[in-house]
2 protein chains.
Amino acid sequence: MLECTIEQASTLKKILDAVKELVADANFDCSDAGLSLQAMDNSHVALVALLLRSTAFSPFRCDQNLSLGINLSSFSKILKCANNDDTVTLKADSGVDTINLAFESKNGARQSEYDLKLMDIDSEHLGIPDTPYEATVKMSSAEFQRICRDLRILNESIVIDVTKEGVKFSSSGDLGNGSIFIKSGQSSIDEKDEDTATTITLQSPVSLTFSLKYLCDFAKATPLSNTVTLSLSNDVPLLVEYAVNEVGYIRYYLAPKIGED
Amino acid sequence: MLECTIEQASTLKKILDAVKELVADANFDCSDAGLSLQAMDNSHVALVALLLRSTAFSPFRCDQNLSLGINLSSFSKILKCANNDDTVTLKADSGVDTINLAFESKNGARQSEYDLKLMDIDSEHLGIPDTPYEATVKMSSAEFQRICRDLRILNESIVIDVTKEGVKFSSSGDLGNGSIFIKSGQSSIDEKDEDTATTITLQSPVSLTFSLKYLCDFAKATPLSNTVTLSLSNDVPLLVEYAVNEVGYIRYYLAPKIGED
DNA sequence: TGGGCTTCCA
DNA sequence: TGGAAGCCCA
């Protein structure tokens with residue numbers, strides 16, 4: 001059986017907000033390492049990989065590996081019934097076709113409980129090669145979200161150019177052209193905040209084109225972390241990672257567009 | 001004639017917000033006791049009873065009883081034209097087919113005035129027996145509203161179970177099941193706030209089913225009071241009461257659903 | 001910064 | 001009609 005408790009319901013809420021738009025149904029794989037999820041998005045273009053480490057929970061108990069097929073929209077709706085700082089306990093058993101969610105207010109005066117029906121989902125577990133990337137950009141997640149939203153008024157595609165000086169995001173369309181250049185080494189959001197300083201690690205410059213629709217969907221993970229890490233190589237899917245402090249991460253993969261400007 | 005002044009326009013605004021969704025047109029009965037309204041909702045399922053005591057106004061003058069037929073949506077629209085802390089004066093006369101609303105800012109610099117057309121409304125004044133109830137729950141109104149909203153994701157019906165330990169709200173549907181238990185004796189919202197501590201008075205435990213649509217409409221009265229009182233007996237309409245400090249109350253009655261789980 | 005409300009879109 | 005996004009208020 002699985003039984004695990006996390007202190008802040010808000011963490012789970014934000015995680016579901018960051019996934020449910022891309023993926024309708026997915027299997028949560030439960031093991032002693034924690035809870036993980038890996039799924040192609042609904043149009044089979046992007047891939048989402050989520051990890052919630054067992055250490056994010058206390059207690060965490062998972063006797064045998066379980067794969068829980070969950071409708072993420074329903075899961076999210078039920079989580080919205082918790083207050084942000086409620087404690088959440090998830091319980092599931094191998095024999096049963098529901099997962100139990102128990103929310104408890106910090107003072108214990110309010111206890112709520114939901115059973116969510118599980119479903120059978122074909123899981124196509126794709127091995128993701130852990131390749132080195134030619135360029136890595138760590139930057140403010142809020143800035144990245146803003147850039148993706150802004151450039152979307154111009155075109156559905158965005159070009160990301162990484163040099164050692166900085167990273168340039170650009171787009172062009174009927175309205176005109178636009179580009180945003182973020183200098184390496186300092187924060188674009190708050191100059192005093194070293195957490196969100198832009199850091200670039202580079203083997204060789206890259207210039208790649210991606211669909212803004214997907215990047216905007218990935219950016220829904222912004223509330224989970226102050227920073228985002230973009231990892232790029234030519235002809236390899238972009239990796240967009242939001243590390244969630246003490247909890248785990250959510251990673252998105254998206255293949256570049258080719259043969260376009 | 002009727003002529004009465006209330007200090008805070010916001011009080012009247014909130015009252016109209018709490019009624020206008022349920023009742024389109026209603027008679028305001030004016031007497032030296034104050035203003036009252038009693039009406040079935042548009043689908044003749046629920047009943048609303050409102051009282052604004054004469055002491056809520058100063059001055060309050062009502063020479064003879066008047067019954068003023070008012071379209072509540074129009075009344076609400078006009079009230080929205082007042083600033084929240086404007087003083088509101090209502091004037092009506094038996095010979096005239098309008099009610100006059102005068103708004104005045106606290107410093108007197110702004111005075112506005114509206115005439116609202118009255119209408120003839122058949123009033124079916126139902127006697128409401130003042131019966132004792134088997135169970136009474138006083139709880140945070142915000143909590144009650146939240147519970148009704150939350151459980152609505154599961155089903156249109158809610159089951160309310162009252163025991164001396166606390167009150168349980170539950171629902172079930174396609175997604176799964178859910179229940180919220182509120183412990184008697186402490187506040188589920190703010191542990192330091194004794195005003196909103198849950199208080200249960202019980203002759204015998206009750207378990208009744210109601211339509212969530214109506215309860216959610218009743219909960220629009222939440223801004224009027226920090227607490228709500230639910231009074232239940234088997235086979236008797238639920239009474240949901242919001243006492244408005246120093247002003248009066250708004251009461252809603254709703255028959256339980258029978259023959260359903 | 002978070003929550004609620006309103007408006008727009010599917 | 002329900003869900004999502006953006007705006008406004010606390």
Side-chain angles (χ1 to χ4, degrees), chain A residues 7-25 41-43 71-86 103 105-106 110 140-153 156 189-190 192-193 195-196 212-227 242 244-245, chain B residues 8-10 13-14 16-18 20-21 43 73 76-77 79-80 83-85 140-156 171 173-175 188-190 193 196 211-214 216-217 219-224 226:
Chain A
E7 279 302 309
Q8 290 288 122
S10 57
T11 306
L12 284 181
K13 289 190 191 189
K14 291 175 191 169
I15 283 170
L16 270 110
D17 283 342
V19 183
K20 69 173 204 283
E21 186 76 12
L22 284 164
V23 180
D25 307 303
D41 86 287
N42 298 327
S43 354
N71 176 280
L72 299 187
S73 167
S74 304
F75 193 19
S76 175
K77 276 185 197 161
I78 289 180
L79 282 169
K80 294 252 165 77
C81 301
N83 288 310
N84 280 338
D85 61 351
D86 279 2
F103 308 144
S105 60
K106 288 282 191 280
R110 180 188 209 264
S140 154
S141 59
E143 180 72 60
F144 177 67
Q145 181 171 48
R146 178 67 195 272
I147 289 168
C148 293
R149 268 191 204 159
D150 285 352
L151 289 184
R152 212 174 169 185
I153 65 170
E156 231 306 292
I189 292 279
D190 177 356
K192 286 159 301 197
D193 190 351
D195 289 351
T196 57
L212 271 174
K213 178 191 179 309
Y214 285 98
L215 297 191
C216 286
D217 280 344
F218 300 169
K220 299 215 168 103
T222 300
L224 286 165
S225 174
N226 288 329
T227 61
Y242 295 82
V244 188
N245 263 349
Chain B
Q8 291 289 120
S10 58
K13 288 191 192 188
K14 289 175 192 167
L16 268 293
D17 283 342
K20 70 174 203 285
E21 186 76 15
S43 354
S73 168
S76 176
K77 279 183 194 159
L79 282 168
K80 293 254 161 75
N83 289 311
N84 280 338
D85 60 351
S140 153
S141 59
E143 179 72 69
F144 178 68
Q145 181 171 48
R146 176 70 193 272
I147 288 168
C148 292
R149 271 191 203 157
D150 283 353
L151 288 184
R152 216 171 168 188
I153 66 170
L154 297 173
N155 195 299
E156 232 306 294
S171 186
D174 294 342
L175 284 188
S188 57
I189 293 279
D190 178 356
D193 191 349
T196 57
S211 154
L212 272 174
K213 180 192 178 309
Y214 286 97
C216 286
D217 279 344
K220 299 217 166 99
T222 301
L224 286 165
N226 289 327

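Here is the naming used below: chain letters follow the sequence lines, and residue numbers restart at 1 for every chain. Any value given below was found using the heavy atoms of this structure, including those in side chains, with hydrogens, waters and symmetry copies removed.
Backbone-only engagement by A/Lys20 is indicated by non-hydrogen atom pairs under 4.0 Å involving sugar-phosphate atoms exclusively.
Remark: A/Arg149 is not in phosphate contact with D/dA5, judged by side-chain N or O atoms under 4.0 Å from OP1 or OP2. Under 4.0 angstrom from either OP1 or OP2 of D/dG3 there lies at least one side-chain N or O belonging to A/Lys77. At the phosphate of C/dG2, neither OP1 nor OP2 sits under 4.0 Å from any side-chain N or O atom of A/Asn84.
A salt bridge links A/Glu7 to A/Lys106: one of the charged nitrogens lies within less than 4.0 Å of a carboxylate oxygen. Ionic pairing of A/Lys14 and A/Asp17 is not present here: no N-O contact between side-chain nitrogen and carboxylate oxygen is shorter than 4.0 angstrom.
If you measure from atom CG of A/Asn71 to atom C1' of D/dG2, you get 15 Å, rounded to the nearest angstrom. Across the protein-nucleic acid pair, A/Gln8 atom CD and C/dT1 atom P stand 17 Å apart, rounded to whole Å. Atom NZ of A/Lys13 and atom C1' of D/dA4 are 16 Å apart (whole Å). In this structure, CG of A/Asp217 is placed 8 Å from P of D/dA5, rounded to the nearest angstrom. Between the P atom of C/dG3 and the NZ atom of A/Lys80 lies a distance of 11 Å, rounded to the nearest Å. Put simply, CZ on A/Arg152 is 12 Å from C1' on D/dA4, counting in whole angstrom units. The CD1 atom of B/Ile153 sits 17 Å away from the C1' atom of D/dA4 (whole-angstrom rounding). Put simply, CD on B/Gln145 is 7 Å from P on C/dC5, counting in whole angstrom units.
For the pair B/Arg152/B/Lys213, a side-chain contact is recorded, criterion being any heavy-atom separation below 4.5 Å from C-beta on. Using a 4.5 Å heavy-atom threshold, the side chains of B/Thr222 and B/Arg146 count as separate.
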